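One structure is given below, encoded as structure tokens.
These numbers come from a predicted model, not from an experiment.
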Amino acid sequence: MNTTTASTTGTPYGTIPPASPMPQRKPISLPRLAQMREAGEKITMITAYDATYAAVADAAGIECILVGDSLGMVCQGLHSTVGVSLDDMAYHTECVARGLHRAQATAWLISDLPYGSYAESKEQAMRSASRLMQAGAHMIKLEGGGWTAPIVQFLVERGVPVCAHLGLTPQTVHALGGYRVQGRDEMAAATLRRQAAELQEAGASMLVLEMVPAELSRSLTQALATCHTIGIGAGSGTAGQVLVMHDMLGVNLGKNPKFVRNFMQDAGSVRGAIEAYVRAVKSGEFPDDQVHAW
């Protein structure tokens, strides 16, 4: 009789083995991210929506994993993020958190508050954030400026780390008139500067800048001492970079935006592609403002 068990042969269906190597780094924390910013080391972030890819990204050296509501497009086939529910986000956050804990569990896990889950009141935002934190998130992300600052302050005062999001905000893409660069003229740029300052004052620790001109992103980064900017189509002057995993692996369902680079072409594996992305961001090779920015 064969007494070999799953503990020695791995697990079926390609799932993560029960035993993993010891972590090569300490778990990422808010103080660690602040240290990186102070030292001038770029912060790397990538999206993940399931256990296996989250574990691979963690092992590849990514500091921050975002369970983005972009899952609506890349996982659910929707045309925008608006159709993603809080239940969807909680489910995928749980999956990613399990994957991390089955492997190294060192990445900082951020989860998006989806459309309609925080606009009614600060109390609604807290209930929604609690759901995602209980699912395993370390930090929540919400979109927009101005009206969101009091919500950010309410959450931070109650122990919820917050990542804000300005520029192109996909949940309000219809109001913005499409997927367009934001902050091109001086009035729009002034609005972004004011909103970014308000969000930092409210306690946001991170700020995603999406499709914002490179020079404006650079000046915002320099102006924000305690809120770390993470760019996506915002040039090289931010404190860090984020990409949708499916985009940077070249397996999305549409045409890649200008700010995306396919890291899979020469990598040979998913882990190799993510490792190449980490190296490129850390070295300043990616993004190239002449190619990937406005």
Side-chain angles (χ1 to χ4, degrees), residues 33-34 37-38 40 42-43 45 66 68-70 80-82 110 112-113 115 118-122 125 139-157 161-243 257-260 284 287-294:
L33 294 172
R37 166 80 184 278
E38 185 176 350
K42 295 290 186 179
I43 299 166
M45 184 187 297
L66 171 64
D69 56 5
S70 51
S80 76
T81 64
V82 173
I110 306 162
D112 266 334
L113 287 178
Y115 179 78
Y118 56 97
E120 291 179 13
S121 66
K122 294 178 287 187
M139 170 181 264
I140 63 91
K141 183 170 80 65
L142 52 76
E143 294 184 4
W147 66 275
T148 60
I151 293 174
V152 171
Q153 182 174 349
F154 188 85
L155 295 176
V156 171
E157 287 176 346
V162 174
C163 175
H165 186 151
L166 292 176
L168 175 66
T169 46
Q171 292 177 12
T172 55
V173 66
H174 301 305
L176 296 174
Y179 294 93
R180 300 177 178 180
V181 180
Q182 303 297 307
R184 281 188 182 272
D185 61 71
E186 187 50 45
M187 182 177 295
T191 298
L192 286 178
R193 291 190 186 98
R194 173 178 52 80
Q195 292 177 343
E198 291 171 348
L199 289 164
Q200 176 176 256
E201 180 66 23
S205 302
M206 301 181 81
L207 172 63
V208 169
L209 295 172
E210 182 167 359
M211 291 182 68
V212 172
E215 284 306 310
L216 177 56
S217 296
R218 188 180 302 275
S219 67
L220 285 170
T221 301
Q222 293 170 351
L224 299 173
T226 60
C227 184
H228 318 314
T229 57
I230 306 295
I232 177 166
S236 60
T238 53
Q241 296 291 327
V242 62
L243 284 178
K258 171 182 177 177
F259 53 78
V260 172
D288 181 341
D289 287 355
Q290 301 304 312
V291 178
H292 305 110
W294 287 269

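The nearest pair of heavy atoms linking Gly183 to Ala189 is O-CB, 3.8 Å. Summarising the geometry of Arg218 relative to Ser236, their closest heavy-atom pair is NH2-OG, 3.4 Å, with the distance given to 0.1 Å. A pairwise comparison of heavy atoms in Met211 and Leu168 identifies SD-CD2, 3.4 Å as the closest pair. Nearest heavy-atom pair across Gly231 and Gln241 is O-OE1, 3.0 Å. Closest non-hydrogen pair, Ser219 versus Arg193, comes out as OG-NE, 4.2 Å. Between Gly235 and Ala214 the shortest heavy-atom distance is CA-CB, 3.9 Å.
Counting heavy atoms of neighbouring residues, nucleotides and ligands inside a 6.0 Å radius, atom CZ of Arg194 exceeds 12 of them. For Glu157, the CD atom is densely surrounded, since the number of other residues' heavy atoms within 6.0 Å is greater than 12. When the shell of 6.0 Å around CZ of Phe154 is examined, it contains more than 12 heavy atoms from other residues, nucleotides or ligands.
Summarising the geometry, atom CG belonging to Leu33 is positioned 9.0 Å from atom OG belonging to Ser205; distances are rounded to the nearest 0.5 Å. In this structure, the separation between OG1 on Thr238 and CE on Met206 is 10.0 Å, given to the nearest 0.5 Å. Ile110 CD1 to Ile140 CD1: the interatomic distance, rounded to the nearest 0.5 Å, is 10.0 Å. Here the straight-line distance linking atom CD1 of Ile230 with atom NE2 of His165 works out to 12.0 Å at 0.5 Å rounding. The distance from the CE atom of Met187 to the CG atom of Leu192 is 13.0 Å, given to the nearest 0.5 Å. The OG1 atom of Thr148 sits 8.5 Å away from the CD atom of Glu198 when rounded to the nearest 0.5 Å.
Between the side chain of Gln195 and the main chain of Leu166, no donor-acceptor pair closer than 3.5 Å is present. When atom types are taken as modelled, the side chain of Gln171 and the backbone of Thr81 share no donor-acceptor pair closer than 3.5 angstrom. Under a 3.5 Å cut-off, the side chain of Arg180 and the backbone N or O of Gly177 do form a donor-acceptor pair. Between the side chain of Lys258 and the backbone N or O of Ala293, at least one donor-acceptor pair lies under 3.5 Å. No side-chain donor-acceptor contact under 3.5 Å links Asp69 to the backbone of Asp112. Under a 3.5 Å cut-off, the side chain of Thr169 and the backbone N or O of Glu143 do not form any donor-acceptor pair.
Ring orientation note: the planes of Trp294 and Phe259 are nearly perpendicular, at an angle over 60° on the 30°/60° scale.
Two residues are said to be in side-chain contact when any heavy atoms from C-beta on lie closer than 4.5 Å; Pro170 and Glu210 meet this criterion. Proximity of Val208 to Cys163: side-chain heavy atoms (C-beta onward) are separated by under 4.5 Å at one or more points.
In this structure Ser70 satisfies the side chain to side chain donor-acceptor pair (under 3.5 Å) test together with Tyr49, sequence neighbours excluded.
Partner of Leu207 under the side chain to side chain contact (heavy atoms under 4.5 Å, CB included) criterion, chosen from Leu199, Thr221, Val162, Leu220: Leu199.
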